K.L.:
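Pasting in a structure now, in structure tokens, and then I'll have a few things to ask.
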Number of protein chains: 2
Amino acid sequence: MARPHQALLSRTQIADVALALIDREGRFTIPRLADELGVHPSSLYHHVSGRAEIVELIRDRVADSITNDRPKPTAWADYVADWIRGYRAAFAAHPHVITLLTSQTVVADHTIAMYENVALVLEDAGFASDVLPVISILESYAWGAALDLVAPEIAWTPDLPRGTPLARAIANAPIGRERADAAFEIGLALLVTGLQERLRHRQA
Amino acid sequence: MARPHQALLSRTQIADVALALIDREGRFTIPRLADELGVHPSSLYHHVSGRAEIVELIRDRVADSITNDRPKPTAWADYVADWIRGYRAAFAAHPHVITLLTSQTVVADHTIAMYENVALVLEDAGFASDVLPVISILESYAWGAALDLVAPEIAWTPDLPRGTPLARAIANAPIGRERADAAFEIGLALLVTGLQERLRHRQA
DNA sequence: ACCTGAACACCGTTCAAGT
DNA sequence: ACCTGAACACCGTTCAAGT
């Protein structure tokens with residue numbers, strides 16, 4: 001074929017199809033992706049520098065999907081909770097992407113706007129020198145909760161004893177996605193409560 | 001050479017050297033591992049079923065290194081905090097292993113004893129139907145905090161504006177490992193505070 | 001500028017051959 | 001039972017050739 005009059009590929013399209021492939025099959029390879037795009041593997045290298053860059057395109061796409069409203073001056077706790085909810089939800093929409101993103105160190109993160117918004121809200125709330133740690137903590141929790149979505153259930157372990165504390169704990173909780181969602185919300189509430197208490201002591 | 005009188009390899013040795021390789025080079029391949037063991041790649045398959053099983057051996061090793069003391073009837077909050085500290089510390093000792101473990105779904109988890117201990121402590125503390133969610137939440141946080149250890153610093157982003165909330169937040173915090181450790185401890189304290197409050201309301 | 005097709009290095013795994 | 005060495009399928013990447 002050689003060069004077509006109209007380019008057959010684009011970076012957005014590559015990212016689109018790669019993401020769809022991951023959602024469908026849990027992973028992607030260059031040959032598989034090329035096939036899906038109706039093109040030869042080597043063609044991709046005219047648009048991206050390599051596999052790593054495709055992963056970064058996907059990372060950007062997921063990051064961009066985190067809703068990031070302009071902060072309102074009231075209710076910092078609600079703002080922060082919504083941020084982390086959206087953070088986790090962005091991953092939850094593409095569970096297999098999570099492990100892909102953790103396996104490759106990020107190259108650059110241009111989601112500064114998001115951090116600025118959160119930093120502003122926390123600063124206004126009075127967290128002062130705690131602002132960066134608090135952002136870290138919330139992000140760690142969101143990542144961990146996202147990983148929880150693809151982790152195996154403790155409940156699935158076959159050789160569970162009967163009548164133990166763990167057995168009772170499992171019997172008292174839902175399983176699967178419902179369990180993960182419920183746990184996430186409780187944990188988020190714990191963190192917010194903790195933040196409110198910490199702020200109270202800071203200001204006292 | 002053919003079969004030696006004394007086996008040249010063992011599963012423990014394979015796991016040992018693989019872990020050392022990951023710590024040193026950030027990753028491991030079968031040829032590289034075989035080379036390090038002074039053996040041909042195909043020899044490994046007489047001891048393990050494949051690469052995936054080697055990863056699981058490493059997972060077990062890290063999991064076993066999580067200190068898991070017998071619970072004492074007093075101070076559930078201290079027990080829980082120590083558990084999560086040890087959980088994260090086990091990963092922190094081998095940072096590159098974290099991404100390896102998240103990239104492969106676990107096959108079986110035989111660390112039931114650990115969960116039983118924590119479940120017992122939480123049950124005695126009065127968490128009742130919250131026991132499993134609380135375990136989930138704490139583990140999520142430990143995983144997220146472990147990932148934070150290998151994540152890039154927000155602070156490293158080159159194009160940071162001056163005089164913004166984020167810039168001030170970064171200026172007010174340490175960087176690197178020290179930042180991660182400090183943030184982890186604060187977040188753990190937030191969670192414990194949240195748990196204490198939640199217990200108070202449950203019992204009221 | 002952009003697609004092709006051949007080529008290369010590398011990886012995980014299998015298996016018959018040897019003791 | 002356990003190591004070897006050849007072999008295979010597959011993957012990521014390069015590059016000269018074509019338009």
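All figures in this text were calculated on a predicted structure; none of them were measured in a lab. Throughout, protein chains are lettered first and strands after them, A, B, ... in sequence-line order, and every chain is numbered starting at 1.
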K.L.:
Counting only side-chain heavy atoms from C-beta out, which of D:dC3, C:dT13, C:dG12 sits nearest to B:Thr29?
P.N.:
C:dG12
K.L.:
Compare side-chain N and O positions of A:His47 against OP1 and OP2 of C:dC3 and report whether any pair is under 4.0 Å apart.
P.N.:
yes
K.L.:
Any idea which of D:dC3, D:dA6, C:dG5 is nearest the A:Ser42 side chain?
P.N.:
C:dG5
K.L.:
Could you check whether the side chain of A:His40 and the base of C:dC3 have a donor-acceptor pair of N or O atoms closer than 3.5 Å, going by distance alone?
P.N.:
no
K.L.:
Aromatic rings A:Trp143 and A:Phe91: how do their planes relate, parallel, tilted or perpendicular, breaks at 30° and 60°?
P.N.:
tilted
K.L.:
Roughly how many Å is it from CD1 in A:Ile30 to C1' in D:dA9, rounded to a whole number?
P.N.:
18 Å
K.L.:
How close or far is atom P of D:dG5 from atom CG of B:Asp35, stated in whole angstroms?
P.N.:
14 Å
K.L.:
Of all the choices, D:dC11, C:dC3, D:dC2, which nucleotide is nearest to the side chain of A:Pro4 once you look at every atom?
P.N.:
C:dC3
K.L.:
Among side-chain atoms of A:Thr102 and B:Thr102, is any donor-acceptor pair under 3.5 angstrom?
P.N.:
yes
K.L.:
Considering just the side-chain nitrogens and oxygens of B:Arg3, establish if one lies under 4.0 Å of OP1 or OP2 belonging to D:dA1.
P.N.:
no
K.L.:
Looking at side-chain heavy atoms only, is the closest gap between A:Ile54 and A:Phe28 below 4.5 Å?
P.N.:
yes
K.L.:
With both distances under 3.5 angstrom, what nucleotide forms a Watson-Crick or G-U wobble pair with C:dG5?
P.N.:
D:dC15
K.L.:
What is the distance from CD1 of A:Ile14 to P of D:dT13, rounded to the nearest Å?
P.N.:
13 Å
K.L.:
When you get a sec, tell me which of D:dT13, C:dC2, C:dT13 is the closest nucleotide to the side chain of A:Ala7?
P.N.:
C:dC2
K.L.:
Given atom CG of A:Leu9 and atom C1' of C:dC2, what is their separation to the nearest angstrom?
P.N.:
9 Å
K.L.:
Verify the contact: side-chain N or O of B:Ser43 to OP1 or OP2 of D:dT4, cut-off strictly under 4.0 Å; return yes or no.
P.N.:
yes
K.L.:
If you draw the axis of the six-membered ring of A:Phe127, does the NZ or CZ of A:Arg198 fall within 45° of it and under 6.0 Å from the ring centre?
P.N.:
no
